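Chain letters run A, B, ... following the sequence lines, proteins first and then strands; every chain starts at 1. Being a predicted model, the structure only gives us computed values, none of them experimental.
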Amino acid sequence: MRFSKLFGKTSREAPAEAESASHQLLLRAGMIAQIAAGIYSYLPSGWRVLRKIENIIREEMDKAGGQELMLPVLQPFELWQQSGRYVSFGQTMFTVTDRKEHKLALGPTHEEVIADLAHRYVQSYRDLPLLVYQIQTKFRDEPRPRGGLLRVREFIMKDLYSFDVDEAALDENYRKMSQAYQNIYARCGLPTSIVEADSGAIGGKESHEFMVIAETGEDEMVFCPHCGYSANVEKAQISKAIKKDVIASEAKQPLPLEEIATPEQKTIEEVADFLGVPPEQTLKAVFYIADGKLIFVVIRGDLEVNETKLRNTLKCTELRLATEDEVQQTGIVVGFASPIGIKGTKVIADDSITMGSNFITGANRQGYHFKNANYPRDFQVDITADIALAHHGDSCPKCDSNLSSTRGIEVGHIFKLGTFISEKLGASFLDQDGVSRPAVMGCYGIGLGRLLAAIVEQSHDDKGIIWPLSVAPYQVYLCLLHLDSPEVASAAEKVYQELEDAGIEVLFDDRDESPGVKFNDADLLGIPLRLTLSPRTLQNQSIEAKWRTEKETQLLPLENVSAKVNKLLREKLAR
RNA sequence: CGGGGUGUGGCGCAACGGCUAGCGCGCAUGGUUUGGGACCAUGAGGUCGGAGGUUCAAAUCCUCUCACCCCGACCA
């Protein structure tokens with residue numbers, strides 16, 4: 001490709017709206033262009049990168065036994081009613097109405113469509129296992145697109161669906177996919193961590209995310225440097241045992257409940273300070289509105305509520321903090337709320353209330369708290385579950401060491417769905433005994449654009465992008481200096497031709513620009529190998545080679561240059 | 001949805017009631033240059049996001065509205 005003909009210009013300054021490194025660099029390099037919030041065009045050089053990523057993914061999916069197919073974007077809304085998932089997806093779904101007033105969804109994902117297909121074409125256990133995938137556009141009306149390609153409303157995704165006879169077979173495919181994903185990231189030069197995850201609107205029981213550690217990431221994950229436990233904070237567990245040095249063991253014997261005056265002491269910190277006890281010995285009350293109903297949440301004072309876990313426990317779709325008014329309307333005294341004697345309100349407790357004793361809690365009376373509250377002696381709850389939020393420094397649930405936390409970009413998510421979708425859509429098969437059973441499903445997704453952006457996020461410098469050779473838009477940047485010298489120009493043309501003929505992907509900078517402009521563009525575009533031909537190098541019948549990642553240059557003889565370049569590229573790929 | 005911010009040639013910005021809306025980058029033409037974003041000359045390109053209002057006069061003030069960005073909520 002000749003740079004002079006390449007559609008899309010590089011620019012010195014990034015558009016004002018871009019903040020993250022990948023957003024700025026991809027725009028400046030002329031690889032993407034925004035048309036609306038979370039909606040982007042890929043220009044030729046950006047599209048080349050995307051297609052390379054796509055091919056890597058396709059190869060790994062095929063290798064793992066996947067069959068590629070193509071499912072429709074337009075999906076009858078009835079399918080979503082059938083699965084019931086139109087509720088959990090809610091406003092995230094884009095819908096259109098056809099001329100017959102029939103409602104269609106622009107597919108945010110394809111479990112329904114694929115399960116419907118399985119319903120028709122899978123009849124026997126002999127048809128299983130089945131792994132099918134596609135690479136195509138998804139539509140999601142995200143409340144807030146952000147960070148360029150990091151979160152968008154229209155995006156290309158690889159989604160693979162597995163159908164199995166039972167859980168054990170699903171586990172096997174799940175392992176296989178997990179390995180395929182690791183191969184993909186490795187080939188893209190992207191270090192990732194696999195973490196336990198919440199399955200969100202997709203549903204299902206077990207899921208893992210592949211995370212690229214990056215400050216610009218939207219997700220927070222915790223990990224244990226000691227035993228390797230790692231999880232998205234939405235999912236992460238912590239050990240809630242109270243450390244011995246915090247509360248002496250003699251204080252653990254249940255004591256009689258006692259009301260004490262605590263004027264003006266409302267928050268956990270105030271009450272704990274006022275009474276001289278650690279927050280671990282208090283109970284915190286938090287109020288939520290879940291699908292329109294007030295929920296009383298009790299959790300030990302040193303912990304915080306994890307809303308994702310709470311949502312899962314309640315199996316609700318809408319969840320938000322209650323306002324002070326909404327709480328007061330039920331007769332609860334804000335600041336002195338108590339699970340003791342509560343009536344008519346659903347009470348959800350974190351299991352931390354079973355770890356500890358003689359708690360301080362509100363007395364549901366202005367200016368008073370109870371001392372020595374003990375569960376279940378003094379109060380009852382409707383549900384006890386783990387609904388605590390993990391933090392940096394909390395104890396690891398597996399080995400009790402201190403957990404660390406970091407932000408990350410989710411570049412892949414795999415789910416064990418189980419049978420809830422296949423049951424609803426009738427994707428069942430006859431087993432060896434002639435018994436009809438729902439297929440056990442798994443689904444596995446990678447957002448290609450986000451993967452591309454994540455590569456840029458973790459592989460760039462102040463000059464521009466540093467593409468790994470495997471996904472670079474071009475392998476070689478051929479830089480011609482001194483267009484005005486006919487000898488150099490014709491030598492460059494020859495080299496360009498020779499490289500192209502050898503099947504090397506080369507971007508030939510034949511523009512009439514100064515050397516600085518060309519070198520800077522080469523760096524901005526992030527092309528791995530730069531070749532420079534100038535009167536200086538031609539004098540020695542040679543061409544200068546420089547890797548994007550290195551400072552040093554080397555001279556290559558012009559004779560049979562494509563073979564030498566090929567060798568350099570092969571060596572680089574092998575590393 | 002809550003909070004904050006921004007809308008002026010393709011991009012980055014200035015002008016903040018008053019003459020023909022400026023500057024840099026980019027673009028076009030000609031010339032001089034050429035190893036890390038060269039220079040000179042000439043030129044093209046703008047209904048100042050939109051609607052309404054105030055005023056002798058609005059890019060500038062007011063009201064409404066739309067779009068985009070950031071933080072949060074939310075979110076595979």
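Rounded to a whole angstrom, the distance from the P atom of C48(B) to that of G7(B) is 15 Å. Comparing U8(B) with U20(B), their P atoms are spaced 23 Å from each other, to the whole Å. Taking atom P in both C56(B) and A15(B), the straight-line distance is 27 Å, to the nearest Å. Rounded to a whole angstrom, the distance from the P atom of G9(B) to that of G50(B) is 10 Å. Taking atom P on both nucleotides, C70(B) is separated from G12(B) by 14 Å, rounded to a whole Å. G52(B) and A59(B) are spaced 14 Å apart, taking the P atom of each and rounding to whole Å. Straight-line distance between the P atoms of G26(B) and C69(B): roughly 27 Å, to the nearest whole Å. Look at the P atom in both U29(B) and C23(B): the space between them is 22 Å, to the nearest Å.
Checking the phosphate oxygens (OP1, OP2) of C69(B), a side-chain nitrogen or oxygen of Gln34(A) falls inside 4.0 Å. Dashed line: the shortest gap from a side-chain N or O of Arg146(A) to OP1 or OP2 of C69(B) is not under 4.0 Å. Look at Arg311(A) and you'll find a side-chain N or O under 4.0 angstrom from OP1 or OP2 of C74(B). For Ser514(A) and U34(B), the shortest distance from a side-chain N or O to OP1 or OP2 is not below 4.0 Å.
No contact: Lys518(A) has no heavy atom under 4.0 Å from any strand. The residue Ser207(A) sits apart from the nucleic acid: no heavy atom pair falls under 4.0 Å. Within the 4.0 angstrom heavy-atom criterion, no nucleotide atom of any strand lies near Gly464(A). Using a 4.0 Å heavy-atom cutoff across all strands shown, Arg320(A) reaches no nucleic acid atom at all. Within 4.0 Å of Thr92(A), counting heavy atoms only, lies no atom of the nucleic acid at all. The residue Thr537(A) sits close to a base: some heavy atom pair falls under 4.0 Å.
Contacts of Tyr496(A) classified as ring-ring contact (aromatic ring centres under 6.0 Å, His included), with partners at least two apart in sequence or in another chain: Phe508(A). Residues passing the ring-ring contact (aromatic ring centres under 6.0 Å, His included) test with Tyr229(A): none are found, sequence neighbours excluded. The ring-ring contact (aromatic ring centres under 6.0 Å, His included) check on Trp47(A) picks up Tyr42(A), with sequence neighbours excluded. When the side chain to side chain contact (heavy atoms under 4.5 Å, CB included) test is applied to Lys346(A), the partners found at least two apart in sequence or on another chain are Ile295(A), Ile348(A), Asp382(A), Ile383(A). For Phe210(A), the ring-ring contact (aromatic ring centres under 6.0 Å, His included) partners two or more places apart in sequence, or in a different chain, are Tyr181(A), Tyr185(A).
For Ser534(A) and G35(B), a side-chain-to-base donor-acceptor distance below 3.5 Å is present, hydrogens and geometry of angles not being considered. Applying the 3.5 Å distance criterion, the base of G35(B) shares a donor-acceptor pair with the side chain of Glu544(A). In this model, no side-chain donor or acceptor of Arg144(A) finds a partner on the base of C70(B) within 3.5 Å.
The separation between Arg153(A) atom CZ and C69(B) atom C1' is 14 Å, rounded to whole Å. Between the CG atom of Asp512(A) and the P atom of C39(B) there is a distance of 15 Å, given to the nearest Å. Across the protein-nucleic acid pair, Ile35(A) atom CD1 and G10(B) atom P stand 14 Å apart, rounded to whole Å. Atom pair Lys9(A):NZ and G10(B):P shows a separation of 13 Å (rounding to whole Å applied). When the P atom of C74(B) is taken as reference, atom CD of Glu234(A) falls 9 Å away, rounded to whole Å. Between the CG atom of Leu310(A) and the P atom of A73(B) there is a distance of 15 Å, rounded to whole Å. Atom CG in Leu524(A) sits roughly 14 Å away from atom P in G26(B) (whole-Å rounding). For the pair Leu389(A) CG and A73(B) P, the interatomic distance rounds to 11 Å; values are reported in whole Å.
Among the nucleotides C68(B), U34(B), G26(B), the one closest to the side chain of His482(A) is U34(B). The side chain of Arg12(A) has G37(B) as its nearest neighbour among G37(B), G36(B), C75(B). In this structure, of A38(B), C70(B), G35(B), it is G35(B) that holds the atom nearest to the side chain of Arg530(A).
The stretch residues 439-452 of chain A participates, sequence neighbours left out, in no salt bridge (Lys or Arg N to Asp or Glu O under 4.0 Å) pair at all. Judged as a salt bridge (Lys or Arg N to Asp or Glu O under 4.0 Å), the pairs with a partner in residues 303-316 of chain A (not counting sequence neighbours) are, in order, Lys309(A)-Asp386(A). Sorted by first and then second residue, the side chain to side chain donor-acceptor pair (under 3.5 Å) pairs with a member in residues 514-529 of chain A read Thr10(A)-Asp521(A), Lys463(A)-Asn520(A), Arg511(A)-Asp521(A); sequence neighbours excluded.
Map His110(A) and Asp521(A) each onto its nearest nucleotide of RNA chain B; the residue landing nearer the 5' end is Asp521(A). Take the nearest nucleotide of RNA chain B for His413(A) and for Arg28(A): the residue whose nucleotide is more 5' is Arg28(A).
Note on ring orientation: taking the six-membered ring where Trp is involved, the planes of His23(A) and Tyr40(A) are perpendicular (angle over 60°, cut-offs 30° and 60°).
Residues Val233(A) and Ser405(A) fail the side-chain proximity criterion, which asks for heavy atoms closer than 4.5 Å. The shortest distance between side-chain heavy atoms of Leu303(A) and Lys284(A) does not fall below 4.5 Å. For the pair Lys416(A) and Val440(A), the minimum side-chain heavy-atom distance is 4.5 Å or more.
No more than 12 heavy atoms of other residues, nucleotides or ligands lie within 6.0 Å of CD in Gln67(A), so this atom counts as exposed by the packing criterion. Other residues, nucleotides and ligands place more than 12 heavy atoms under 6.0 Å from the CD atom of Glu550(A).
With pairs defined as Watson-Crick or G-U wobble and both atom distances under 3.5 Å, the stems of at least three pairs that touch RNA chain B come out as B:1-7 with B:66-72, B:10-13 with B:22-25, B:27-32 with B:38-43, B:49-53 with B:61-65.
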Using a cut-off of under 3.5 Å, enumerate the N/O to N/O pairs linking the protein to nucleotides 11-13 of chain B.
unit_1, atom_1, unit_2, atom_2, d
G12(B), OP1, Ala16(A), N, 2.8
G12(B), O2', Glu13(A), OE2, 3.2

Donor-acceptor pairs are to be reported for all side-chain atoms of residues 25-32 of chain A against protein atoms at under 3.5 Å, with residues two or more places apart or in another chain.
unit_1, atom_1, unit_2, atom_2, d
Arg28(A), NE, Ser11(A), O, 2.9
Arg28(A), NE, Arg12(A), O, 3.2

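For residues 446-456 of chain A, proximity to RNA chain B is found at no residue, defined as any non-hydrogen atom under 4.0 angstrom from a strand atom.
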